[in-house]
Asks: 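To start, I am sharing the structure in question, which I have written as structure tokens.
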Amino acid sequence: MTALTEAPVAVEVDGLTLSGPSGPLVTGVALDVKAGECLGLVGESGSGKTLTVRAIAGLLPRGISRDAGRVDTADARVGMVFQDPMRSLNPTFTIRRTMREPLVQHHALSRRAADSRALELLNDVGITDARRVADSYPHQLSGGLRQRVLIAAALACDPRVLLCDEPTTALDVTTQATILDLLQRLREERELAMLFVSHDLAVISQVSDRVAVMYAGQIVEAGPTSEILRAPRHAYTAGLLRSSPSAGDPDEPLFAIGGTAPQRIGDLTGCRFASRCPWAATECTAGPVEFTRLGERQSVRCVRPADVAASLSLPAESGGWPRVTEDLDGDS
Ligand SMILES: Nc1ncnc2c1ncn2[C@@H]1O[C@H](COP(=O)(O)OP(=O)(O)OP(=O)(O)O)[C@@H](O)[C@H]1O
């Protein structure tokens, strides 16, 4: 396998700005993914992860427009795996029929050749009784099998890029682990550039080489997974880490970041997290906050990353997550 540092960039997004009827939803998103690499995109519900992925796939929902930015997939074929296989698979088609269509369309295969390729693909995703599965309807399969089928269908166009949007969220923990293993194996074998979306930092940390953290339509922190987990520099990332169920004492109540994300990001000038941030000061909302490099590989959109870092290095009870004392913009 090619070393990641030398691998070609397969997906590049720059300045991506998307709007809906009520205003901007995603602003200035920039990211890249190399062949064979997995970039994790993490953030809470509504932060703009799915819209970003859909923009890359060229599948923006009706009513959402791309106002600015560049999406370059280097003419590579793009496959997509969604969260809910039941909604992505046509319930009135057998799996064989669902898989046949892209194979006939993309590869101009005959029906017979497409059916035999479908069986190969089902085998490739670890389905041992591929014939039975091919003859089944989606409702006759378990959630894990349906997700494998969806992955097989995504591979039908022989993609170089695989966009995975919460592919394991609907699955139980054991099945989740097997699907994550499968995606890892396929990425390595096929040198896929993978963009993996999840609200769950624990899942992201298992599969991703690098992580980009989204909040209120922006990337607020990005860097190698190990750095982000060990030394978050944005308060939102630190809060996400603390609120991960695996992070704390199982006898303690789960930590939750106070407040809610802003509904209308177009109205905000400074840091969009300021109203929920224990480290926020007046400078945070005075003007736009740039996405700034920290060291070689980590970047953050925060005017006080050193204060966040210093505070996080203190014991949790004294400094891990101070109380929010100031209501900066009344948005919380
Ligand atoms: N079709 C649409 N029309 C109007 N607004 C939309 C549409 N799809 C998404 N949005 C809005 O865009 C914002 C970002 O949504 P998006 O689905 O990308 O977030 P997400 O981070 O993927 O969240 P989730 O994890 O819940 O899917 C949200 O405020 C959402 O309400």
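Along the sequence shown, residues are numbered consecutively beginning with 1. In each ligand, atom 1 is the first atom listed, and ligand 1 is the first ligand listed.
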Asks: Does Ala134 offer a backbone N or O that forms a donor-acceptor pair with the side chain of Arg131 under 3.5 Å?
Replies: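 Between the backbone of Ala134 and the side chain of Arg131 there is no qualifying donor-acceptor contact (under 3.5 Å).
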Asks: Does Phe93 have Arg97 sitting over its ring (NZ/CZ under 6.0 Å from centre, angle to axis within 45°)?
Replies: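 Positive - Arg97 is close enough to the ring of Phe93 and near enough to its axis.
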Asks: Do Arg210 side-chain atoms and Thr225 backbone N/O form a donor-acceptor pair below 3.5 Å?
Replies: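 It does not hold such a pair.
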Asks: Without hydrogens or angle criteria, can the side chains of Tyr215 and Arg276 be said to hold a donor-acceptor pair below 3.5 Å?
Replies: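 Per modelled atom types, Tyr215 and Arg276 side chains form a pair under 3.5 Å.
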Asks: Keeping the roles fixed (side chain from Arg160, backbone from Arg190), state whether a donor-acceptor pair exists under 3.5 Å.
Replies: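 Checking the backbone N and O of Arg190 against the side chain of Arg160, a donor-acceptor pair under 3.5 Å is found.
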Asks: Can you list every protein residue that has a heavy atom under 4.0 Å from any atom of ligand 1, sorted by chain and residue number?
Replies: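 Within 4.0 Å of ligand 1, protein side: Leu25, Glu44, Ser45, Gly46, Ser47, Gly48, Lys49, Thr50, Leu51, Pro61, Ile64, Glu166.
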Asks: Consider only side-chain N and O atoms of Asp67 and Ser65, and report whether a donor and an acceptor are under 3.5 Å apart.
Replies: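 On atom types as modelled, these side chains qualify, holding a pair under 3.5 Å.
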